[in-house]
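Some notes on the structure that comes next.
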Amino acid sequence: MTVRKLTMSAAATSTVLLLCGVVLNGAAAVPAAAATTTTTTTTATTANAASVNATSAAPPDAPATLAPPASGTAAATLATPAQGSAPATAAADPGLALSSYDPATGAAVLAPAATGPQAPSARAAAPAAAAAVRPGQLIDSPPTPAAPHGALVAVTGVQPAADGTVAVTTRPATLPELLGATSTSLHSAVSPSAFQVQPQLGGIQVTTDLGTADGQGSVSASLGLSANATVPLPDGSSATLSGSVSLTPAVDFSYQGGLGPIDPQQARIGFSLGAHADWRVSAKLAGSTSVRIPLAKYSASPVVMVGPLPVVINLNFTLSADIAADGTVTLDAEQAYDGQWGVHSDYVKGPGWTTTTDPGTSSVTPLRLDLRGSASAKAGLLAEGSVALYDTIGVKASIEPYLRAAVSGSIVLDGAGSTPDVNGAAVLYGGLDINGALMAQLAVLGTPILSADLPFLAFHREWRLASASTGPNPPRIVDWTPLSSGLADDNRSAHLKTRPDWDPYALKASCPDGSRLIGLSHGGDDGLCTDVTKEDLWDAGRAFVVDHGGTYVTTDWAPGYAKAQCPAGSFVSGYSRNGRTMGVVCAKSATPPGASTRTLWFDKGDNRPAVAGGGDFAYGFAKGQCADDEFVAGVAYSQPWWQLWAARPYALLCQKLA
């Protein structure tokens, strides 16, 4: 399943920049039309491209391939900037490379690049090569020790030296200056030999399978990692990590230039990651524990050759073990993970930037499990990655397949497909989270926006694998249900599914029948439901109402903010967002609630109980969560400065249960 969501439209971008007085490429920002909510789909993108091509000559196509890893210091490409629809014209190879470069000042030095037997002749020819460097040229450098992520700059001043080096002053250049109206596209696996891998703790071994990649994303090569390590935890206990992981990364890059040097018609930057893992975590946990243990960091800077012109892509990701628990528990869990997932950002002139996530065919399978105590515990394998052009544009994302179990007593599972042996009560879940952000420093594409990452919720799903209880009076398992409505409705209420759509045209989520909303995230569309302290809270008649405009507000508990609030005697069991408005579905309580209320703000960061059940239900976003003996009675919302077209919750009205 592929899903897409607008991150920032061109209109909203221009409006924000105008308000902040930002100047784009030396020209004052032009007032834009009012921002509107836009959902860009593949069909819309295609139509956009068609309309562009209908009014202009077809841009020149150029093949794109990954260059083989360079040996020694790679020479920079000197080129005359793009003119009209033609791409930049590369000069004869000058044999010069960046030997120093300061991105802050733009000062750089070019020196002879050749090493080995050809070095003497290269040094002899260096003065002539240096003399050919002149203002107005582009320097397009692959990664060098002086510029580890590559560099794309325009020369503004030149000062040659007698030894064949040349000092230059530069300014940042853009891909439109380099590629002009060129159209190119690449999806290619990255060879494991291109990666630098840094183990982050003892007991980690790194292996590589240098198979073959066909350049179209099909890959037999992989990066391997095996672990057998014991690491301390913050509470004084320890965790044992063991198993093996195999990763197959690939990159996405496409570009279609416009008619001028300002911005392209279309562009894409992204990455995908295939993985297979057999992973085991053993630990004794007490209280509220949430820890991420980095295992290894991976980095590569493959060079995409667009005809004779290099474009540098930087790919980085970190693999971590993720362990969380709420309560006292002894955990020994082994899981298998297989899947292929991807995420990329797309630019289309007009609508602006979108993000696309493909959860692929990811699956998580419990192999063995021994969980004892009274807690909810989670064990996952987290991959956090980013892809960028010259470190100035791209996306970053994280994926985590995980197992989660809620237990009061013990649950033992011995082998995939076997029936759990339960003493007490237990529920076993599988889950997959993908989160991320569009990296906002976009000047290399000529489409700058504010220098802040723009988060997006990409994908979240959790499913029940097994549940069982034994004994005459098995203990009750508290249910914590995360919700996610950023991309599609997430209705968990069996009753509401039988009723007409309670908020047509809006993205919405609802709690399982009898549960109540207890938390929301500020930057995304995530929520958390529970039946802690009080189960089966909804009255038998399943009465409910929906509010958008604060019909039931009697006290201004969040001055300056719009509110959606439940009437007296009801609790929030679902929420919705339709552009700049939010709504709540209010379920009638089976018992009269308490009268005590409080306002809980969470726009500046997490505001949750010290021991917060439900785990990190919206990783990367600020979260608000009422206490276990409270429910959400209302939501205060507005529009963040970076997302003027989308309402976001800022505060919750928390009210005591009966």
Contact check, side chains of [X] and [Y], non-hydrogen atoms, under 4.5 Å:
{"X": "Phe195", "Y": "Leu315", "answer": "yes"}
{"X": "Leu528", "Y": "Thr530", "answer": "no"}
{"X": "Phe271", "Y": "Val190", "answer": "no"}
{"X": "Val546", "Y": "Val584", "answer": "no"}
{"X": "Phe571", "Y": "Leu657", "answer": "no"}
{"X": "Val572", "Y": "Phe631", "answer": "no"}
{"X": "Ser188", "Y": "Phe253", "answer": "no"}
{"X": "Leu600", "Y": "Leu520", "answer": "no"}

* Partner of Asp370 under side chain to side chain contact (heavy atoms under 4.5 Å, CB included), chosen from Ile411, Asp421, Val412 ->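 The passing option is Val412.
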* Asked: When Val387 is tested against each of Ile269, Asn314, Asp252 for side chain to side chain contact (heavy atoms under 4.5 Å, CB included), which residue passes?
  ->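 For Val387, the side chain to side chain contact (heavy atoms under 4.5 Å, CB included) test succeeds with only one of Ile269, Asn314, Asp252, which is Ile269.
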Counting only N and O atoms by type, is there a donor-acceptor contact under 3.5 Å from the side chain of [X] to the main-chain atoms of [Y]?
{"X": "Arg577", "Y": "Gly486", "value": "no"}
{"X": "Tyr575", "Y": "Gly527", "value": "yes"}
{"X": "Ser386", "Y": "Val395", "value": "no"}
{"X": "Ser521", "Y": "Asp526", "value": "yes"}
{"X": "Asp606", "Y": "Lys623", "value": "yes"}
{"X": "Thr533", "Y": "Asp628", "value": "yes"}
{"X": "Glu334", "Y": "Asp332", "value": "no"}
{"X": "Gln340", "Y": "Thr248", "value": "no"}
{"X": "Gln625", "Y": "Gly613", "value": "yes"}
{"X": "Asn607", "Y": "Trp601", "value": "yes"}

* Go through the side-chain N and O atoms of Ser242 and Asn228 and say whether any donor and acceptor fall under 3.5 Å apart. =>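 No - no donor-acceptor pair under 3.5 Å links their side chains.
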For [X] versus [Y], what's the shortest heavy-atom pair and its separation?
{"X": "Phe544", "Y": "Ala587", "value": "CB-CA, 4.2 Å"}
{"X": "Ala333", "Y": "Leu369", "value": "CB-CD1, 3.6 Å"}
{"X": "Gly519", "Y": "Leu652", "value": "CA-CD1, 4.3 Å"}
{"X": "Gly385", "Y": "Phe317", "value": "CA-CB, 3.4 Å"}
{"X": "Leu371", "Y": "Ala405", "value": "CD2-CB, 3.2 Å"}
{"X": "Pro401", "Y": "Leu381", "value": "CD-O, 3.2 Å"}

* Asked: How far apart are the C-alpha atoms of Asp433 and Ser398, what are their side-chain angles, what is the distance that settles it, and do they pass the side-chain contact (heavy atoms from CB on, under 4.5 Å) test?
  -> CA-CA 8 Å; Asp433 279 327; Ser398 67; over 6 Å; no
Measure the [atom1]-[atom2] distance between [X] and [Y] for me, rounded to the nearest 0.5 Å.
{"X": "Lys588", "Y": "Leu537", "atom1": "NZ", "atom2": "CG", "result": "12.5 Å"}
{"X": "Thr240", "Y": "Lys284", "atom1": "OG1", "atom2": "NZ", "result": "11.0 Å"}
{"X": "Asp346", "Y": "Arg268", "atom1": "CG", "atom2": "CZ", "result": "4.0 Å"}
{"X": "Thr318", "Y": "Tyr298", "atom1": "OG1", "atom2": "OH", "result": "9.5 Å"}
{"X": "Trp538", "Y": "Ser573", "atom1": "CH2", "atom2": "OG", "result": "5.5 Å"}
{"X": "Leu331", "Y": "Ser282", "atom1": "CG", "atom2": "OG", "result": "7.0 Å"}

* Asked: Taking Glu630 as the fixed residue, which of Gln655, Arg516, Arg598, Lys656 is the one that meets the side chain to side chain donor-acceptor pair (under 3.5 Å) rule?
  ->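 Of all the options given, the one that passes is Arg598.
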* Using the side-chain contact (heavy atoms from CB on, under 4.5 Å) rule, take Ser576 and His548 through it: C-alpha gap first, then chi angles, then the decisive distance, then the call. => CA-CA 9 Å; Ser576 64; His548 294 93; 4.2 Å; yes
* **Residues, nucleotides or ligands: over 12 heavy atoms within 6.0 Å of Gln200 CD** =>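 More than 12 heavy atoms, drawn from other residues, nucleotides or ligands, come within 6.0 Å of this atom.
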Any carboxylate oxygen within less than 4.0 angstrom of a Lys/Arg side-chain nitrogen, looking at [X] and [Y]?
{"X": "Arg648", "Y": "Asp525", "result": "yes"}
{"X": "Asp322", "Y": "Lys378", "result": "yes"}
{"X": "Lys534", "Y": "Asp629", "result": "no"}

* Which residues share a side chain to side chain donor-acceptor pair (under 3.5 Å) with Ser237, sequence neighbours left out ->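 Ser237 satisfies side chain to side chain donor-acceptor pair (under 3.5 Å) with Asp235 once adjacent residues are dropped.
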* Give me the one residue out of Asp501, Asp503, Asp490 that meets salt bridge (Lys or Arg N to Asp or Glu O under 4.0 Å) with Lys508. =>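 It is Asp501; the other options fail the test.
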* Evaluate the criterion side-chain contact (heavy atoms from CB on, under 4.5 Å) for residue pair Trp480 and Val532; output intermediate values, then yes/no. => CA-CA 8 Å; Trp480 298 92; Val532 67; 3.9 Å; yes
* Asked: Who are the side-chain contact (heavy atoms from CB on, under 4.5 Å) partners of Asp479, not counting sequence neighbours?
  ->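 In terms of side-chain contact (heavy atoms from CB on, under 4.5 Å), with neighbours along the sequence ignored, Asp479 is linked to Tyr429, Arg464, Thr481, Pro512, Ser515, Asp531.
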* Test Val245 against Trp279 for side-chain contact (heavy atoms from CB on, under 4.5 Å), laying out the working first. => CA-CA 8 Å; Val245 183; Trp279 192 249; 4.1 Å; yes
